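Okay, structure first, notes after.
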There are 2 protein chains.
Amino acid sequence: MNATVPKVTVQRLPVYLRCLEGLSPGQEHVSSDQLAQLAGVNSAKVRKDLSYLGSFGVRGVGYDVEHLRFQIRIALGLEEDWSVVIVGIGNLGRALANYAGFGDRGFNIVGLFDADPAKVGTKVDGLAIESLKNLERSVRSKKASIGLVTTPAAAAQETADVLAAAGIRSILNFAPTVITAPDGVYIRRVDLSTELQVLSFYLHRRRSD
Amino acid sequence: MNATVPKVTVQRLPVYLRCLEGLSPGQEHVSSDQLAQLAGVNSAKVRKDLSYLGSFGVRGVGYDVEHLRFQIRIALGLEEDWSVVIVGIGNLGRALANYAGFGDRGFNIVGLFDADPAKVGTKVDGLAIESLKNLERSVRSKKASIGLVTTPAAAAQETADVLAAAGIRSILNFAPTVITAPDGVYIRRVDLSTELQVLSFYLHRRRSD
DNA sequence: ACATGTGAAGCGCTTCACAGCG
DNA sequence: CGCTGTGAAGCGCTTCACATGT
């Protein structure tokens, strides 16, 4: 059952998890239908997705909310703590550093880094911004495994190189550019201007239909 | 040729566009191979994607950079101007409002809104924050068609309802929750904590392989 | 009676591989 | 010769529909 979870399923699991956490505390069971409605998908998808994690449902009843929640957290690795560093403390980096709802806990920000000497030493949300020179030492000593890249586009690849060299194993890239890293370093891109341009496509398309 | 562009292709077009804009100014032609390398995909995908827009390439030569750039901009609707409003001016909303590289121009922020009376009237990047009561009037008079939702999760659905009622036709939802809108309103979600949890899955998975 | 779990069919995207053309 | 454009094959995800289990 657990061999391979489709990529698309992995992306939906956090959504299911959040829906479960939003259920009224009294509710003990949830059906694939109800979960589907909350998550904005159809119920077959919910059942298939959950079946990759195991057979947690009870026919005629649904899924035990508490148990399912736990199983999804296990599958996503949320029962472990992950240490996160942020590189590039501009507006976005600062916003992320302050982002309280940081993944239902489990993700701890342990370092902020910036190339600008004027920023080094100033504090954001209680954490001092460090020089990039400290990055490798800091990542290793704090066992950080996730890096958020919020630098300008021009600095993103170099930043990724430094993070990879320091032992970071996952990068979330907010800079508007495509970056690469050696095998073993997993990268995801979160790209605002791309998202806006996709919206533009569909707006435009509808207007001229 | 132009009937249907696959969703995944639409999402890659902005990336190609950015790669083209990053080329050295002297370069007149680009091959699917080079573009693929820059965009982090393979060349067959580039050719297929571009073929949905038309046959712009020259066999044995490649694509004319300037022409291709223009055609992608046309396809994405970037030759039009779009007006954008932001609802929820916390850290993230503020960061987005300040985001200069806002989609290579074409996306103009025309309104900032917040429910907190203490924030109303204060300026961000030269634009005054308005009360939600002004939203509908402001959206209509400024012909805004895109709304960015950066409210807390609890307020996101209500915000989307207001935006939809005001005539907004596309929503980019940054709040960590799934929202719905009537047919005709296109929604995309940008979800930080989901992204982190996906990273966690792959980190966890690799550790216990 | 009711909701899950799942083979099987369907669908859309990716990749291959090569004909077509400058 | 080199690179595009594209049928066709391959692959992975979605959806259907129902047997299964309580």
Side-chain angles (χ1 to χ4, degrees), chain A residues 1-16 19-20 23 27-69 71-72 75 178 198 201-202 205, chain B residues 1-16 19-20 23 27-69 71-72 75 178 198 201-202 205:
Chain A
M1 82 187 193
N2 208 345
T4 73
V5 181
K7 284 196 273 287
V8 285
T9 295
V10 173
Q11 297 185 77
R12 283 189 294 264
L13 290 176
V15 177
Y16 299 148
C19 293
L20 291 174
L23 255 27
Q27 184 171 347
E28 284 191 16
H29 295 92
V30 64
S31 67
S32 58
D33 252 321
Q34 187 188 0
L35 197 47
Q37 201 121 37
L38 293 170
V41 301
N42 68 47
S43 64
K45 206 177 269 179
V46 169
R47 291 198 298 278
K48 248 274 135 103
D49 283 342
L50 297 182
S51 77
Y52 293 115
L53 310 185
S55 293
F56 304 136
V58 180
R59 286 159 207 249
V61 177
Y63 300 86
D64 180 280
V65 173
E66 230 10 85
H67 183 61
L68 183 56
R69 221 175 78 98
Q71 291 296 340
I72 295 178
V178 174
V198 172
F201 175 90
Y202 289 107
R205 168 59 48 111
Chain B
M1 81 189 193
N2 208 344
T4 72
V5 182
K7 284 196 272 288
V8 285
T9 295
V10 173
Q11 296 185 79
R12 282 190 295 263
L13 289 176
V15 178
Y16 299 148
C19 293
L20 290 175
L23 254 28
Q27 185 170 347
E28 284 189 19
H29 296 91
V30 65
S31 67
S32 59
D33 250 322
Q34 187 188 0
L35 197 47
Q37 201 120 37
L38 293 169
V41 301
N42 68 47
S43 64
K45 206 177 266 177
V46 169
R47 291 198 298 277
K48 233 299 114 117
D49 283 342
L50 297 182
S51 77
Y52 293 116
L53 309 185
S55 293
F56 304 137
V58 179
R59 286 158 207 249
V61 176
Y63 301 85
D64 180 280
V65 173
E66 230 8 87
H67 183 61
L68 183 56
R69 219 175 80 97
Q71 291 296 340
I72 295 179
V178 174
V198 172
F201 175 91
Y202 289 107
R205 169 60 47 110

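What you see is a predicted model; the values in this text were computed from it and never measured. Convention: sequence-line order gives letters A, B, ...; per-chain numbering from 1.
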Spacing of [X] atom [atom1] relative to [N] atom [atom2], expressed in whole Å:
X      : N       : atom1 : atom2 : result
L53(B) : dT6(D)  : CG    : P     : 12 Å
N42(A) : dC13(D) : CG    : C1'   : 12 Å
D49(B) : dT14(C) : CG    : P     : 7 Å
K45(B) : dC16(C) : NZ    : P     : 11 Å
L68(B) : dC3(D)  : CG    : P     : 16 Å
Q11(A) : dC13(D) : CD    : P     : 10 Å

Quiz item: Residues in side chain to side chain donor-acceptor pair (under 3.5 Å) with Q27(B), at least two apart?
Solution: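 Counting only residues at least two positions away or on another chain, Q27(B) forms a side chain to side chain donor-acceptor pair (under 3.5 Å) with Q34(B).
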
Quiz item: Yes or no on side-chain contact (heavy atoms from CB on, under 4.5 Å) for L38(A) and L23(A), after CA distance, side-chain angles and deciding distance?
Solution: CA-CA 10 Å; L38(A) 293 170; L23(A) 255 27; 3.5 Å; yes

Quiz prompt | Letter per nucleotide, 5' to 3', of nucleotides 4-12 of chain C [B base touched, S only sugar-phosphate touched, - untouched; heavy atoms, 4.0 Å] | solution = BBBBB----

Cut-off 3.5 Å, no hydrogens considered: what does the side-chain donor-acceptor table look like for residues 60-69 of chain A, sequence neighbours left out?
{"unit_1": "D64(A)", "atom_1": "OD1", "unit_2": "E66(A)", "atom_2": "N", "d": "3.1"}
{"unit_1": "D64(A)", "atom_1": "OD1", "unit_2": "H67(A)", "atom_2": "N", "d": "2.8"}
{"unit_1": "E66(A)", "atom_1": "OE2", "unit_2": "R69(A)", "atom_2": "NE", "d": "3.4"}
{"unit_1": "R69(A)", "atom_1": "NH1", "unit_2": "E21(A)", "atom_2": "OE2", "d": "2.8"}

Quiz item: Picking from K45(B), R47(B), Q37(B), what satisfies side-chain hydrogen bond (donor to acceptor under 3.5 Å, both in side chains) with S32(B)?
Solution: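 When side-chain hydrogen bond (donor to acceptor under 3.5 Å, both in side chains) is applied between S32(B) and each of K45(B), R47(B), Q37(B), only R47(B) qualifies.
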
Self-check item: Check: V5(B) and R205(A) side chains under 4.5 Å, non-hydrogen atoms
Solution: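 With C-beta onward as the side chain, the pair touches.
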
Quiz item: CD of Q71(A): more than 12 outside heavy atoms within 6.0 angstrom?
Solution: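 Enclosed: over 12 neighbouring heavy atoms sit under 6.0 Å from CD of Q71(A).
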
